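See structure below.
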Protein chains: 2
Amino acid sequence: MTARYIEIYQQFKTDIIQEKYPANSFLPSEAKIASQFSCSRDTVRKALSHLEEDGFIQKQHGRGSQVLQHSLINFPISGLTSFQELKQVQRLDANTKVVLLERLQSTAMNRQTTGFPAKTKLYHLIRVRYINGLASVIDEDYFDRSVVHNLTAEIAAGSIYEYLENTEKLTISYAEKSVTAELISKQDRLLMPDLPERENRLIQVESRVHLADTTYFQHTISRHRPDKFQFNEFSRRQKK
Amino acid sequence: MTARYIEIYQQFKTDIIQEKYPANSFLPSEAKIASQFSCSRDTVRKALSHLEEDGFIQKQHGRGSQVLQHSLINFPISGLTSFQELKQVQRLDANTKVVLLERLQSTAMNRQTTGFPAKTKLYHLIRVRYINGLASVIDEDYFDRSVVHNLTAEIAAGSIYEYLENTEKLTISYAEKSVTAELISKQDRLLMPDLPERENRLIQVESRVHLADTTYFQHTISRHRPDKFQFNEFSRRQKK
DNA sequence: CTCTATTTGTCCGTATGTATT
DNA sequence: TAATACATACGGACAAATAGA
């Protein structure tokens, strides 16, 4: 049931990662790929376009598609990737402690910060992420309870996204994110006791996450230890 | 000479920004757009795909293409956008002081940091960006001199990208970026005299920029005042 | 420098499937 | 159920860039 062009995309993606096509080498021409997969050139082109967007190849008019240097570490943090997925891909020694899980209603006050209209029924969740035993990230989430129905501490300690996509059958689609450096609060110091006294800010990644039908359902504030924070991104220059 | 689908993309992009299609409204169906522009549906789809990638619309199978809320401020920092372009789009009161412009050769030492092989002939450039009169960003650049030929302080004070693309006819294509929080150096304090004593880190955005033929030609380190830094991004969840 | 073969870029028309209303 | 709208796929045509003879 998965689309043909997605299969082709994945085939080349894994081949590139396994260095079957090493950096700087060229993929076969679109025509050759099309005959190999016995599909049309249009289908191949769709697959290659996605590989290009994601930074795996660079297409060159009249020359071919060249494989780019890729550090695996380069991709997973960018985009919309959950902590559990990160943990898997990067093979981190990581675990999660649920500090708070409560039900509440949004007020006019936190409407501005969370983006939810007043009186929306929400889950409020606070978790600390430990990497190699060190408290490295404080995650604070608000979920719209009309979308997320049965959130438990067990789910929150594992993968909420896995639960939402596989059990609740939701399609998580896009997010607006912002990265800033925010002053450290007393609560931050309590949750990150090893944080050196001289540090005065945490790196904060704020996200507003939406479903495929544009429903806004999650607001997340992730506060990172500044000495442990790294955000990697592949970006392309906009065409005129 | 610009492609038909790019024209259509731009038409809708400006219409959306000017709220001719307000947030949450739907664009005309692909078939209608195709007949309006008297082109094929395939061409329309390409334009709409780009609008979706860039966060302007959300396509919904069987329903239509819905316009998303867009804060103009949301886009320009993400991607590969020059300071001068940012200044224009955001209408900032901003100016640039060139602190250093010199020619040098890379050593084995700075190969690791800059990514250029030893003995590459480079320009080395340091600039301070002032926003509303306040020193807010320190930019340090290395350009490969076999790509960038005549860099002057005048060009460096204006738009280097404008010069490279329009005068030197280069096609800037993609970059790997990383964001970290780095300790403040003595040089940083000299260039940013108003930086409060209690701050101990700057937000550093490091970029390696490539041309369309994958030539690596620019390494940039941008160090931002933590209280002035904000990085905004629109991101989509990866398909399985 | 010119010509030619190869390769990617754009666009069209058509057909069929799937999701929404 | 039927109409509408988006998703996928195919095949063909021509343009434009590149590389090599």
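It should be emphasised that the depicted structure is a prediction, and the values quoted were computed from it without experimental measurement. Just so it is clear: chains get the letters A, B, ... in the order the sequence lines come, proteins before strands, and each one is counted from 1. Atoms considered below: every heavy atom in the structure, side chains included; atoms not considered: hydrogens, waters and symmetry mates.
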Does any N or O donor sit under 3.5 Å from an N or O acceptor when you compare the side chain of A/R41 with the base of C/dG9? yes

Please report, rounded to the nearest Å, how far the [atom2] atom of [N] is from the [atom1] atom of [X].
X: A/D42; N: C/dG9; atom1: CG; atom2: C1'; value: 12 Å
X: B/D213; N: D/dA19; atom1: CG; atom2: C1'; value: 14 Å
X: A/E7; N: D/dA9; atom1: CD; atom2: P; value: 8 Å
X: A/F37; N: D/dT8; atom1: CZ; atom2: C1'; value: 17 Å

Nearest-nucleotide pick for [X], side chain only, options being [options]:
X: A/S29; options: D/dT8, C/dT8, C/dT21; answer: C/dT8
X: A/C39; options: D/dC10, D/dA7, D/dA19; answer: D/dC10
X: B/H61; options: C/dG17, C/dT7, D/dA19; answer: C/dG17

Counting only side-chain N and O atoms of [X], is one of them less than 4.0 Å from OP1 or OP2 of [N]?
X: B/K59; N: D/dA7; result: yes
X: A/T43; N: D/dC10; result: yes
X: B/R63; N: D/dT4; result: no
X: A/Y5; N: D/dT8; result: yes

More 5' along DNA chain D: B/K32 or A/S40, using each one's nearest nucleotide? B/K32

Both B/R45 and A/G62 contact DNA chain D. Which one's nearest nucleotide lies toward the 5' end? B/R45

Donor-acceptor side-chain pairing of B/E154 and B/Y163 below 3.5 angstrom: no

Donor-acceptor contact present, side-chain A/T14 to main-chain A/Q11, <3.5 Å: yes

Verify the ring-centre separation between B/H50 and B/Y5: is it less than 6.0 angstrom? yes

Base, sugar-phosphate or nothing for A/R4? Non-hydrogen atoms, less than 4.0 Å. sugar-phosphate

Show me the side-chain donor-acceptor pairs of residues 55-66 of chain A shorter than 3.5 Å, one per line, residues at least two apart or across chains.
| unit_1 | atom_1 | unit_2 | atom_2 | d |
| --- | --- | --- | --- | --- |
| A/Q58 | OE1 | A/R236 | NH1 | 2.9 |
| A/Q58 | OE1 | A/R236 | NH2 | 3.0 |
| A/Q58 | NE2 | B/S173 | OG | 3.3 |
| A/Q58 | NE2 | B/A212 | O | 3.4 |
| A/K59 | NZ | A/E30 | OE2 | 2.9 |
| A/Q60 | OE1 | A/R63 | NE | 3.1 |
| A/Q60 | OE1 | A/R63 | NH2 | 3.3 |
| A/Q60 | NE2 | A/Q66 | OE1 | 2.8 |
| A/Q66 | NE2 | A/N24 | O | 3.2 |

Could you point out which residue of B/Y142, B/F143, B/Y216 forms a ring-ring contact (aromatic ring centres under 6.0 Å, His included) with B/F116? B/Y216

